[in-house]
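Okay, structure first, notes after.
Below, read A as the first sequence line, B as the second, and so on, with proteins coming before strands; counting in each chain starts at 1.
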Protein chains: 2
Amino acid sequence: MSDVSSVFSARLKIARLRKGITQMQLGVLAQIDEYSASARINQYERGKHLPDFNTAERLAAVLEVPAAYFYTRDDALAALLLAWSALTPEGRARLLVLAETLGETPGDKAAEG
Amino acid sequence: MSDVSSVFSARLKIARLRKGITQMQLGVLAQIDEYSASARINQYERGKHLPDFNTAERLAAVLEVPAAYFYTRDDALAALLLAWSALTPEGRARLLVLAETLGETPGDKAAEG
DNA sequence: CTTAATACTAAGGATTCTTTAGTTCATGGT
DNA sequence: ACCATGAACTAAAGAATCCTTAGTATTAAG
């Protein structure tokens with residue numbers, strides 16, 4: 001994971017397996033031509049190639065993760081992105097407020113709670 | 001912003017201007033050769049080309065945003081990523097717990113607070 | 001052992017990016 | 001107004017990367 005394109009490949013594989021579909025199924029659902037879907041998804045998961053951003057967004061939509069998840073090296077941030085994608089619009093709004101609140105007066109115990 | 005590579009370009013420009021540096025300065029700080037730094041950053045900001053992920057990560061480091069920020073179409077999620085990058089490790093840990101808590105029992109008022 | 005499904009790969013044509021060598025735009029000085 | 005400077009921007013060709021094709025492993029079931 002410390003190397004280059006393995007961030008994308010590792011996240012993609014985790015998300016696909018979580019969804020329980022094959023490489024080919026993922027590719028076809030993401031509107032890749034059926035004759036190249038398998039090869040392309042495999043190349044992405046093996047870190048041989050990276051897709052363009054349009055394709056990444058379609059893969060993300062199929063796998064129900066934010067596209068940004070594929071570009072996140074930090075595991076904690078990746079977990080946050082997965083949590084985000086599971087939230088309702090209301091939950092997202094609340095989380096955003098919380099995030100910005102946590103950032104203010106970072107060490108001021110008196111202002112907390 | 002609805003179009004293809006304008007997600008990356010718009011986020012990059014916003015982050016650079018927030019930092020108050022020129023296109024050339026950004027490129028040089030991100031270890032791009034000084035003779036091509038200006039042209040490349042301009043091409044990224046105009047949506048003419050996209051950098052590889054290594055370059056994107058160096059740009060993100062200079063601009064103090066998560067690399068994932070450049071790949072986020074949703075403005076609310078982009079704001080969350082900026083807030084995340086401003087948090088301490090402790091703040092990040094707390095936010096992640098909150099995000100996962102918000103996801104459980106989404107509509108159960110009795111279990112809240 | 002055969003078959004079928006899935007995963008995986010090499011290689012070349014197709015596409016995209018980087019470099020180079022500039023031009024354009026904006027601002028300030030004289 | 002004119003010029004100089006810094007910053008933004010661009011075209012084009014060489015360099016790099018990806019997509020398609022065709023096919024080979026691998027695995028599991030019968």
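Per the geometry, CG belonging to N42(B) stands 15 Å off P belonging to dT19(C), to the nearest Å. When rounded to the nearest whole Å, the span between CD1 of I41(A) and P of dT9(C) equals 15 Å. One interatomic measurement links the two molecules: NZ of K13(B) to P of dA7(D), which rounds to 15 Å at whole-angstrom precision. One interatomic measurement links the two molecules: CG of L26(A) to P of dT6(C), which rounds to 13 Å at whole-angstrom precision. One can place CD of Q23(A) at 15 Å from P of dT26(D), the figure rounded to the nearest angstrom.
Both L102(A) and L98(A) belong to a single network of hydrophobic side chains, linked directly or stepwise wherever heavy atoms of I, L, V, M, F, W or Y lie under 4.5 Å apart.
Counting heavy atoms from C-beta on, the side chains of L59(A) and Y44(A) come closer than 4.5 Å. For the pair R16(B) and Q25(B), the minimum side-chain heavy-atom distance is 4.5 Å or more.
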Sequence-aligned protein contact record of nucleotides 15-24 of chain D, with B where the base is within under 4.0 Å of a protein heavy atom and S where only the sugar-phosphate is: ---BBBB---

Protein-to-nucleotide contact annotation, 5' to 3' order, nucleotides 23-29 of chain C [B base; S sugar-phosphate only; - none; under 4.0 Å, heavy atom]: -------

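Phosphate proximity of dA25(D) to R46(A): absent, as no side-chain N or O sits under 4.0 Å from OP1 or OP2. In terms of phosphate contacts, R16(A) brings a side-chain nitrogen or oxygen within less than 4.0 Å of OP1 or OP2 of dA7(C).
A cation-pi geometry, defined here as NZ or CZ lying under 6.0 Å from the six-membered ring centre and within 45° of its normal, holds between R11(B) and Y69(B).
Taking 4.0 Å as the cut-off between side-chain N and carboxylate O, R18(A) and E64(A) do not count as a salt-bridged pair. Salt-bridge annotation for R58(A) and D52(A): absent, with no side-chain N of the basic residue lying under 4.0 Å from a carboxylate O of the acidic one.
Take L29(A) and apply the side chain to side chain contact (heavy atoms under 4.5 Å, CB included) test, not counting sequence neighbours, and it matches I21(A), V62(A). Evaluation of the side chain to side chain contact (heavy atoms under 4.5 Å, CB included) rule for S38(A) yields M24(A) as partners, not counting sequence neighbours.
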Polar pairs (N or O, both sides) under 3.5 Å between protein and nucleotides 27-30 of chain D?
none

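Looking at L63(B), L26(B), I14(B), V65(B) one by one, the single match for side-chain contact (heavy atoms from CB on, under 4.5 Å) with K19(B) turns out to be L63(B).
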In residues 79-87 of chain B, what donor-acceptor pairs under 3.5 Å come from side-chain atoms, sequence neighbours left out?
| from | atom 1 | to | atom 2 | distance (Å) |
| --- | --- | --- | --- | --- |
| S85(B) | OG | L82(B) | O | 2.8 |

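Checked against the 6.0 Å centroid threshold, F8(B) and Y71(B) count as a close aromatic pair.
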